[in-house]
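Before any comments, here is the structure.
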Amino acid sequence: MENIRLATLQDLPELLKLEKDSFTKDKAAARRSLRLSISSRHQEVYILESDSMIGSIVIQFYKYTARLYSIAVADEYRGQGYGKRLLKYCENVARSRGISTVSLEVDANDLSLTGWYERQGYTVRKKLDDYYGKNKHAFRMLKTIDTVKKKSGRLQNIIVSDDPSIAVYDNDYVEIISSEEYIYNVRFQKTSNFRIFNMSDSYRYQSKGYYVSLLASARDHRVIPSVATMQDVTSVPLMNCFADEYNTILNDELRQLEKDTVEYTLVLGHELNGQSTKLSRHLYKLFEAPFVTFRFRKGDKWLLEKVELLSIKDLPMIPEQTVRKIAKSFFAQKKFNRSKLKNYEYDLAILVNPDEENPPSNKKALDRFKKMGEKNGFFVEFITKDSMNRINEFDALLIRETTAVNDHTYQISRFAYAEGLVVVDDPWSILKCCNKFYLMERMMRAKILMPKSMVIARGEESTKKLTKVMDFPIVLKQPDSAFSLGVHKVKNMEELELKCAELLKSSEFVIAQEYLPSEYDWRIGVMNNEVLYACRYYMATGHWQIYNWSKELTENSEFSGNSETLDIGDVPAIVIETALKAASYIGDGLYGVDLKLIDGVCYLIEINDNPSIDSGIEDAVLGDVLYDRIIRIMKDRITQARNINKYIEL
């Protein structure tokens with residue numbers, strides 16, 4: 001599939017050739033001009049490419065106007081609609097910046113080209129005498145476009161897909177781009193004014209489709225499907241929890257069917273015949289996804305048995321005319337629904353794993369949580385993953401088992417949240433904190449300083465580019481690693497390529513980060529956007545990390561380094577400020593924010609959901625007060641939810 005990306009200085013030779021082949025000598029841009037356009041803060045050069053360069057555009061930005069300075073298509077690609085695609089792309093870039101006018105100049109004697117621009121909605125506003133030289137006049141043409149204004153709730157619709165057949169969904173209300181363009185193009189990093197429809201080939205965990213939705217969340221883009229939806233479809237109890245709200249509609253619609261099972265496939269919230277029914281609209285609210293199949297089974301009543309997110313390749317054959325009708329109807333909407341979850345009332349459960357070797361809280365800490373819970377009027381029960389079906393007996397859930405997106409801890413958290421429980425860690429925090437790719441993008445957007453980082457993608461020559469950006473040693477991280485697992489230091493190119501090849505077997509991407517050696521890391525415990533505790537975690541003796549996961553520990557090494565807990569007042573102000581700011585961009589849950597302070601400069605390393613709270617370490621300063629504060633925050637949230645429900649009932 002063709003891709004549009006920002007040009008770099010390395011593209012200069014091909015761009016110059018394209019200019020020379022496309023324009024007469026008096027109109028072609030010179031090397032210096034193109035170099036300035038690529039480097040300028042007020043201009044952008046985009047390249048449309050496949051196996052080779054297809055075309056390019058140069059855009060100059062003013063306060064209220066985007067000027068199309070140049071548009072060129074290689075000779076062998078002309079007449080295939082690429083010029084129109086580049087022009088539309090220019091308009092979309094302007095639209096996303098809130099610019100309402102696109103201007104350009106065209107040779108006044110070239111009636112064919114002038115007519116082409118007029119067919120694209122441009123009108124001649126002024127004649128420019130001698131613009132290209134003596135007696136070589138030009139027309140200035142303008143087009144007014146609808147701008148994207150976040151305050152009015154209007155977002156620009158973007159389809160992300162690498163499948164060429166997705167072109168059938170193209171219309172005036174949506175723009176189609178590749179996953180690479182969405183991931184790497186700075187246009188999508190600068191603003192939140194996008195609604196992303198992720199139509200990737202796969203949504204499996206750590207696939208490219210998974211990362212598109214994850215990054216969209218980090219960039220504050222409205223995304224369909226969300227990563228939460230991708231995870232939700234794997235949990236049958238969770239699905240039926242959601243489906244309860246629509247059981248009446250479901251059984252009314254399916255009452256006359258004599259079958260025991262039925263499948264219901266939706267395309268952009270429509271049935272395959274193009275109709276939007278009461279049932280299809282409600283099912284779409286359950287699991288917002290471009291293409292989804294629901295399977296129902298009949299017992300005493302119809303129940304939701306399975307939900308599967310589909311790619312375009314998995315869809316049944318639908319007439320192109322019907323597809324275009326569905327797409328136009330769907331993307332022309334001014335508002336898109338957001339599903340809402342109800343609040344319910346229950347008691348306190350603490351999720352633990354008795355067999356976990358390195359749990360986030362030791363036995364004494366768990367006893368203190370229980371003690372403070374009872375002091376605050378909670379009945380406290382320790383539960384395991386086998387108690388998932390009992391979650392709705394409780395009022396709140398505190399997770400003290402190491403969390404991961406692709407296991408039961410996330411499912412239980414999501415299930416509890418759906419049931420209306422106050423949950424720590426909430427599912428959104430698990431999704432965000434468990435992936436370093438998300439954190440890197442989110443913190444970059446928040447302008448929070450991190451060690452120099454770069455994404456290495458599967459199947460690309462990223463390692464060679466990496467060595468131009470940072471020096472060895474380099475730290476490689478699996479996006480979803482925890483407790484220093486999946487984190488490796490490489491010392492040279494050979495180690496880099498070997499370790500990248502190994503890590504990329506299980507993920508589409510690897511994070512490369514500059515190595516910043518330090519004696520210790522700061523850990524700031526934060527909840528409800530307030531500091532709970534502050535620790536120094538020292539590197540394990542004979543090792544460069546806090547935890548040494550080496551298979552063989554030597555006599556001069558140890559598994560973990562020492563720790564030191566400090567009064568908040570003894571912590572450098574910049575460490576506290578950075579921790580609070582970083583945590584605020586994740587949520588208001590319980591987080592452990594890891595930082596390094598080097599020569600007065602504070603670097604964010606990562607943010608952990610489910611941080612360690614061990615008796616004798618994190619509670620060394622506050623004692624029982626630490627546990628009491630966590631429990632009280634949860635209690636306040638339960639009280640707030642109850643008061644809201646009372647107000648609604650009145």
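Counting from 1, the numbers follow the sequence of the chain as shown.
- Side-chain contact annotation: E44 with Y46, donor-acceptor N/O pair under 3.5 Å present.
- Counting heavy-atom neighbours within 6.0 Å of N273 CG, excluding the residue itself, gives a total above 12.
- When the shell of 6.0 Å around CD of Q10 is examined, it contains 12 or fewer heavy atoms from other residues, nucleotides or ligands.
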- Query: Yes or no on side chain to side chain contact (heavy atoms under 4.5 Å, CB included) for E514 and I474, after CA distance, side-chain angles and deciding distance?
  - Reply: CA-CA 5 Å; E514 69 173 319; I474 292 171; over 6 Å; no
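- Side-chain contact of E508 with Y211: a donor-acceptor pair under 3.5 Å is absent, judged by distance alone.
- The backbone N or O of E19 lies less than 3.5 Å from no partner atom in the side chain of S22, so there is not a single donor-acceptor pair.
- Judged purely by distance below 3.5 Å, without hydrogens or angles, the side chains of N198 and S213 pair a donor atom with an acceptor atom.
- The two residues Y169 and N171 make their nearest non-hydrogen contact at O-ND2, 3.2 Å.
- With hydrogens and angles left out, the side-chain atoms of Q513 and S453 include a donor and acceptor closer than 3.5 Å.
- In terms of heavy atoms, L15 sits closest to A7 at CD1-CB, 4.1 Å.
- Y132 carries K27 over the face of its six-membered ring, with the cationic atom under 6.0 Å from the centre and within 45° of the normal.
- Applying the 6.0 Å contact sphere to OH of Y69 captures no more than 12 heavy atoms from other residues, nucleotides or ligands.
- Using a 3.5 Å distance cut-off with no hydrogens or angles, the side chains of N3 and S178 do pair a donor with an acceptor.
- With N185 contributing its side chain and F188 its backbone, the two residues share no donor-acceptor pair below 3.5 Å.
- Looking only at atom types and distance, the side chain of Y182 has no donor-acceptor partner in the side chain of E180 under 3.5 Å away.
- Counting only N and O atoms by type, the side chains of S226 and T229 include a donor and acceptor under 3.5 Å apart.
- Nearest heavy atom pair, residue T578 against residue C602, reads OG1-SG, 3.8 Å.
- Of all heavy-atom pairs between S39 and L9, the closest is OG-CD2, 4.0 Å.
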- Message: Assess the residue pair S192 and R445 against the criterion (side-chain hydrogen bond (donor to acceptor under 3.5 Å, both in side chains)); give the C-alpha distance rounded to whole Å, side-chain angles, the decisive distance to 0.1 Å, and a yes or no.
- Response: CA-CA 10 Å; S192 302; R445 184 176 180 83; 2.3 Å; yes
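- Contact check for L449 versus M444: no side-chain heavy atoms found under the 4.5 Å cut-off.
- In this pair, F294 and F287 present their aromatic rings tilted. The plane angle is within the 30 to 60° band.
- S161 and D163 share no donor-acceptor pair across their side chains, judged by distance under 3.5 Å alone.
- Using a 4.0 Å cut-off between charged side-chain N and carboxylate O, D11 and R5 make a salt bridge.
- No donor-acceptor distance shorter than 3.5 angstrom exists from the side chain of T65 to the backbone of Y62, with no hydrogens or angles considered.
- Counting only distance, with no hydrogens or angles, the side chain of K477 and the backbone of V510 share no donor-acceptor pair below 3.5 Å.
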- Task: Start with the C-alpha distance between D201 and S311, add both sets of side-chain angles, then the distance that settles side-chain hydrogen bond (donor to acceptor under 3.5 Å, both in side chains), and finish with yes or no.
- Result: CA-CA 5 Å; D201 290 343; S311 73; 5.2 Å; no
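- Using bins of under 30°, 30° to 60° and over 60° for the plane-to-plane angle, the ring pair Y82/Y77 lands in the perpendicular bin.
- Q189 contributes atom CD, which lies 8.5 Å from atom CG of L215 (distance to the nearest 0.5 angstrom).
- A donor and an acceptor atom, one from each side chain of E175 and Q156, are located under 3.5 Å apart.
- If you look at Y264 and Y284, their ring centroids are not closer than 6.0 Å.
- Between the side chains of S100 and Y64, no donor-acceptor pair is found at a separation under 3.5 Å.
- Looking at S103 and R125, their side chains never bring a donor and an acceptor atom within 3.5 Å of each other.
- V405 approaches I430 most closely through the heavy-atom pair CG2-O, 3.9 Å.
- Aromatic ring pairs are classed by plane angle as parallel below 30°, tilted from 30° to 60° and perpendicular above 60°; the pair H270 and F330 is perpendicular.
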- Message: Assess the residue pair K436 and E441 against the criterion (salt bridge (Lys or Arg N to Asp or Glu O under 4.0 Å)); give the C-alpha distance rounded to whole Å, side-chain angles, the decisive distance to 0.1 Å, and a yes or no.
- Response: CA-CA 9 Å; K436 293 176 175 59; E441 186 79 22; over 6 Å; no
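- Between Y203 and Y210, a ring centre-to-centre spacing not shorter than 6.0 Å is recorded.
- Judged by distance alone, with hydrogens and angles left aside, the side-chain atoms of Q333 form no donor-acceptor pair with the main-chain N or O of S329 at under 3.5 Å.
- Using modelled atom types and a 3.5 Å distance limit, the side chains of R195 and N157 yield a donor-acceptor pair.
- Between Y131 and F139, the distance separating the two ring centers is not shorter than 6.0 angstrom.
- Exactly one of L86, I59, L104, V58 qualifies for a side chain to side chain contact (heavy atoms under 4.5 Å, CB included) with I71. That residue is L86.
- A cation-pi geometry, defined here as NZ or CZ lying under 6.0 Å from the six-membered ring centre and within 45° of its normal, does not hold between R187 and F194.
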- Query: Do Q275 and S280 pass the side-chain hydrogen bond (donor to acceptor under 3.5 Å, both in side chains) test, and can you show the C-alpha distance, the side-chain angles, and the key distance before you say yes or no?
  - Reply: CA-CA 9 Å; Q275 297 300 309; S280 68; over 6 Å; no
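- With S207 contributing its side chain and R204 its backbone, the two residues share a donor-acceptor pair below 3.5 Å.
- Closest heavy-atom contact between V45 and S37: CG2-CB, 3.7 Å.
- Atom NZ of K136 sits in a sparse spot, with 12 or fewer heavy atoms from other residues, nucleotides or ligands closer than 6.0 Å.
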